[in-house]
Number of protein chains: 2
Amino acid sequence: MSNANAKVLPLLEPVGQDTAPCCPPLTERPFSAEEADTAARMFKALGDPVRLRLFSLVASHEGGEACVCDISDVGVSQPTVSHHLKKLKEAGLLTSERRGTWVYYRVEPSVLAAMGRLLTLRPAA
Amino acid sequence: MSNANAKVLPLLEPVGQDTAPCCPPLTERPFSAEEADTAARMFKALGDPVRLRLFSLVASHEGGEACVCDISDVGVSQPTVSHHLKKLKEAGLLTSERRGTWVYYRVEPSVLAAMGRLLTLRPAA
DNA sequence: ACGCTACATCGACAGTTATCGAAACAAGGC
DNA sequence: GCCTTGTTTCGATAACTGTCGATGTAGCGT
């Protein structure tokens, strides 16, 4: 198995605090096919109600992280929760770490900021 | 037919400039099932590369609007373009208006702002 | 070693979605 | 009226996605 995370977003690594993590604001110029593909993957990850709730649960949890046991009460089975968390992880929105029996998930702030920047309106134009 | 837009987001109408259009920031508190359902619909609409490109083309076009003929060059057939535009419209992200032979699409700024707000990080906490 | 708990993966199924070609519809010019 | 151009709708199909139960794996406690 060796969870070598083979599907993390390629543009995640070089993300700093002021570097453009993936794309310019949607309103700035037409997206290329590549940019659209990258950005759509992130939006799609949040395009499911269960995933959105899980993400919100992690993001709003004390300390910015939560173990699966804390957030499993969203009305679907445990395997389904695990499936969705994996999707969020593959989209680069969450990271996970095992500590003893439990696995803790936390949000990736830079990606969240990147998506927010995508949706900014034209300053004044 | 009578295009009585029967599927516009219910929370679109009462949106002002400072009222919460749908949900608090994702990081503020766990989303309810209802909130998640509403917000996920918007994210899902942008979760497709073709739709994202179309949306970006409209949003970045001169005057904030574009006719279908201006944005049909995204690599899919014309019916498919129309299909995606319809989806974006149903999600409340675009509005359309027919002027003579052409149909013009423009972005709904309030919804864009709402999604941006959803993704804001905790101010300082 | 054994069982128990927390979490992940597998395999299958149902529902949804993206895509196309063909056809219908709308507006304008002849 | 009829034809041309632009756009939407229709019907069909292939691919994807969410969901589950069963099973597998990792760590803790006895």
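Computed from heavy atoms alone, side chains included, the values below leave out hydrogens, waters and symmetry copies. Within every chain, numbering begins at 1; the chains are lettered A, B, ... in the order of the sequence lines, protein sequences first and strands thereafter.
Rounded to a whole Å, the CH2 atom of B:Trp102 is 14 Å from the P atom of D:dT8. Spacing between atom NZ of A:Lys89 and atom P of C:dA8 amounts to 7 Å, rounded to whole angstrom units. Atom CG of A:Leu52 and atom C1' of D:dG18 are 15 Å apart (whole Å). Across the protein-nucleic acid pair, A:Ile71 atom CD1 and C:dA6 atom P stand 14 Å apart, rounded to whole Å. Atom P of nucleotide D:dG18 and atom CG of A:Leu46 are separated by 12 Å, given to the nearest angstrom. Rounded to whole Å, the distance from CZ on B:Arg41 to C1' on D:dT17 is 18 Å. For the pair B:Leu88 CG and D:dT7 C1', the computed distance is 16 Å after rounding to whole Å.
A search for side-chain contact (heavy atoms from CB on, under 4.5 Å) contacts involving A:Lys44 returns nothing, not counting sequence neighbours. In this view, A:Arg29 and A:Pro24, A:Glu35 satisfy the side-chain contact (heavy atoms from CB on, under 4.5 Å) rule, not counting sequence neighbours. Here A:Asp37 pairs with A:Arg41, B:Pro49 under the side-chain contact (heavy atoms from CB on, under 4.5 Å) rule; sequence neighbours left out. By the salt bridge (charged side-chain N to carboxylate O under 4.0 Å, His left out) test, A:Arg106 is found to be paired with A:Glu65, residues two or more places apart in sequence or in another chain being considered.
In summary, the side chains of A:Ser96 and A:Lys89 do present a donor paired with an acceptor at a separation below 3.5 Å, with no hydrogens or angles considered.
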Side chain to side chain contact (heavy atoms under 4.5 Å, CB included) between B:Phe55 and B:Leu93, worked out: CA-CA 8 Å; B:Phe55 187 82; B:Leu93 293 167; 3.7 Å; yes
Nucleotide-resolved protein contact map, nucleotides 24-30 of chain C, B/S/- at heavy-atom distance under 4.0 Å: ---SS--
Nucleotide-resolved protein contact map, nucleotides 15-23 of chain C, B/S/- at heavy-atom distance under 4.0 Å: --SSBBBB-
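Once rounded to the nearest 0.5 Å, the distance linking CG of A:Leu26 with OG1 of A:Thr120 reads 8.5 Å. Note: A:Met42 CE to B:Leu46 CG = 11.0 Å, rounded to the nearest 0.5 Å.
Relative to the six-membered ring of B:Tyr104, B:Arg99 meets both conditions, a distance below 6.0 Å and an angle of at most 45° to the axis.
In terms of position along DNA chain D, the nucleotide closest to B:Ser96 lies nearer the 5' end than the nucleotide closest to the other residue of the pair A:Gly47 and B:Ser96.
Here A:Tyr105 lies in heavy-atom contact (under 4.0 Å) with sugar-phosphate atoms only.
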